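Because the structure is predicted, anything quoted here is derived from the model rather than measured. We're numbering straight along the sequence, starting at 1.
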Amino acid sequence: MLIFFILSVLLSFAVTVLLSKKYIPVLISKKMNQPIYEIGPRWHKSKAGTPTMGGIFFIIAILLTMAVLSFFAVSKEMLVPLWITLAMATLFAAVGMVDDYAKLIKKQNEGLKAYQKFLLQLVVASLYVGMMCSLGYMDTVIPIPFTEIEWDLGIAFYPLAVILIVGVDNSVNLTDGIDGLCASVTAVISAFFALFGFTVMSLAFADAVVCFAGALCGGMIGFLVYNWNPARIFMGDTGSLFLGGMVTGLAFLCDNPILILIVGLIYIIETVSVILQVGSYKLFKKRIFKMAPIHHHFEKCGWSERKIVFVAGAITAVLCAVMYCLSI
């Protein structure tokens, strides 16, 4: 499987870089610029004019890579769950694209209303869980990390799985707030899933997981060529919602959805910081953080974007290493 992992990384990386290099000037000429949040950090106004929806580049790269490798690197019985999972991520990307387009039309940092986006995500996640379960690629048993306990949730599994997918998808979306943060954290997580597939998994899903994770990792590294601070392209909701579907899909393909809550702790912290901030202000008229999500808090504390990305990536790498060591 090693050769297929390397091929998936290289192909996805190369296509992402080539598409970005060719089409970033096109996005600029079409004035596809990310509106800058008015109450955000004042220095973010320097990012005005940076094009968005760059997630399209790594989405195409990942889908193309998986289409090519599916012919000879993934067993036939695994093609269906693999492409159902890719379809879920792509539908999330479509929701994000509608949101990005709405922002571009309105020329302000508002797109779909929160309830509209949430309902669309619920539909996509429900379709995914329903199809995977009905076709026998997903069951209601949840392994508990660090133990040999398996918990059969029964019918409760279905709504909990949908909530997990939508929750992580929105958490990844919130993490995409500064240059390189979301792509860096996701690159580390994808490398973990590839290693997990190599050495831990005894399931038939292993070949699909390794190629899937490799394509995601290559796409993220390729995107960072242009998204590293100072960014020349943003992924937009198109890209971040796609990534949320990808990382949760990987966890489900590994038959261990709780994995993403551990290795993806940075995503979760971003969401929790927003919930705490909003809740504290509504209840007590006081803010816990200088700004939420929490990466903006650290910006206002004087941290550079690169430092925040490095720390978040390092924390994620440590979590992945611990999780891997406890899994083998």
Quiz prompt | side-chain hydrogen bond (donor to acceptor under 3.5 Å, both in side chains) contacts touching residues 273-288 (sequence neighbours left out) | solution = none
Practice problem: Output every pair passing side-chain hydrogen bond (donor to acceptor under 3.5 Å, both in side chains) with a member in residues 307-325, not counting sequence neighbours, ordered by first then second residue. | Solution: T199-Y324
What is the distance from atom [atom1] of [X] to atom [atom2] of [Y], rounded to the nearest 0.5 Å?
| X | Y | atom1 | atom2 | answer |
| --- | --- | --- | --- | --- |
| L79 | D207 | CG | CG | 8.5 Å |
| L250 | L259 | CG | CG | 10.0 Å |
| I269 | H295 | CD1 | NE2 | 13.0 Å |
| M246 | F92 | CE | CZ | 13.0 Å |
| D139 | D255 | CG | CG | 5.5 Å |
| I142 | N256 | CD1 | CG | 7.5 Å |

In residues 166-173, what donor-acceptor pairs under 3.5 Å come from side-chain atoms, sequence neighbours left out?
unit_1	atom_1	unit_2	atom_2	d
D169	OD1	G245	N	3.3
D169	OD2	Q121	NE2	2.8
N170	OD1	Q121	NE2	3.2
N170	ND2	Q121	OE1	3.2
N170	ND2	V166	O	3.1
S171	OG	G167	O	2.8
S171	OG	T271	OG1	2.5
N173	ND2	D237	OD1	2.8
N173	ND2	S240	OG	2.8

Can you list the other members of the hydrophobic cluster that holds [X], where links are side-chain heavy atoms under 4.5 angstrom apart?
| X | answer |
| --- | --- |
| L127 | V123 |
| F284 | L283 |
| L174 | V274, V278 |

Quiz prompt | Distance-only side-chain donor-acceptor flag, Y101 / T238, under 3.5 Å | solution = no
Quiz item: How would you list, by chain and number, every residue that makes a side chain to side chain donor-acceptor pair (under 3.5 Å) with S190, sequence neighbours excluded?
Solution: none
Practice problem: Would you please name every residue forming a side chain to side chain donor-acceptor pair (under 3.5 Å) with S70, sequence neighbours left out? | Solution: W83
Kindly work out whether a path of hydrophobic side-chain contacts (I/L/V/M/F/W/Y, heavy atoms less than 4.5 Å apart) joins [X] to [Y].
| X | Y | value |
| --- | --- | --- |
| V188 | I262 | no |
| V141 | M132 | no |
| L18 | M66 | no |
| I163 | V272 | no |
| F71 | L7 | yes |

Which atoms form the tightest heavy-atom contact between [X] and [Y], and what is the distance?
| X | Y | answer |
| --- | --- | --- |
| G197 | V210 | C-CG2, 3.9 Å |
| V162 | A125 | CG1-CB, 3.9 Å |
| A312 | I266 | O-CG1, 3.8 Å |
| S184 | V309 | OG-CG1, 3.4 Å |
| V26 | S29 | O-OG, 2.7 Å |
| A231 | T50 | O-CG2, 3.8 Å |

Practice problem: Would you confirm whether H297, through its side chain, and K290, through its main-chain N or O, come within 3.5 Å as a donor-acceptor pair? | Solution: yes
Just wondering, do [Y] and [X] contact through their side chains at under 4.5 Å, heavy atoms?
| X | Y | answer |
| --- | --- | --- |
| I84 | M138 | no |
| H296 | I178 | yes |
| V225 | S20 | no |
| I56 | M97 | yes |
| F298 | V311 | no |
| T248 | Y128 | no |
| F252 | I165 | yes |
| L216 | S12 | no |

Quiz item: Is it true that atom CE of M131 has more than 12 heavy atoms of other residues, nucleotides or ligands lying nearer than 6.0 Å?
Solution: no
Quiz item: Is Y226 atom OH crowded by more than 12 heavy atoms from other residues, nucleotides or ligands, each under 6.0 Å away?
Solution: yes
Quiz item: Can you list every pair that meets salt bridge (Lys or Arg N to Asp or Glu O under 4.0 Å) and has a residue in residues 174-185, with sequence neighbours left out?
Solution: K47-D179
Can you sort out the partners of [X] under ring-ring contact (aromatic ring centres under 6.0 Å, His included), two or more places apart, ordered by chain and number?
| X | result |
| --- | --- |
| F5 | F198 |
| F192 | F196 |
| F58 | F223 |

Exercise. Test side chain to side chain contact (heavy atoms under 4.5 Å, CB included) on F234 and N227 and set out the steps.
Key: CA-CA 6 Å; F234 299 139; N227 185 239; 4.2 Å; yes
Quiz item: Are F72 and F4 an aromatic pair by the rule of ring centers under 6.0 Å?
Solution: yes
Quiz prompt | side chain to side chain contact (heavy atoms under 4.5 Å, CB included) evaluation trace for F242 with I62 | solution = CA-CA 11 Å; F242 176 83; I62 290 168; 3.8 Å; yes
Quiz item: Between T175 and T186, is a side chain to side chain contact (heavy atoms under 4.5 Å, CB included) present by the stated rule, with each step listed?
Solution: CA-CA 10 Å; T175 306; T186 304; over 6 Å; no
Self-check item: Stepwise side chain to side chain contact (heavy atoms under 4.5 Å, CB included) test for V15 and L11
Solution: CA-CA 6 Å; V15 174; L11 181 56; 4.0 Å; yes
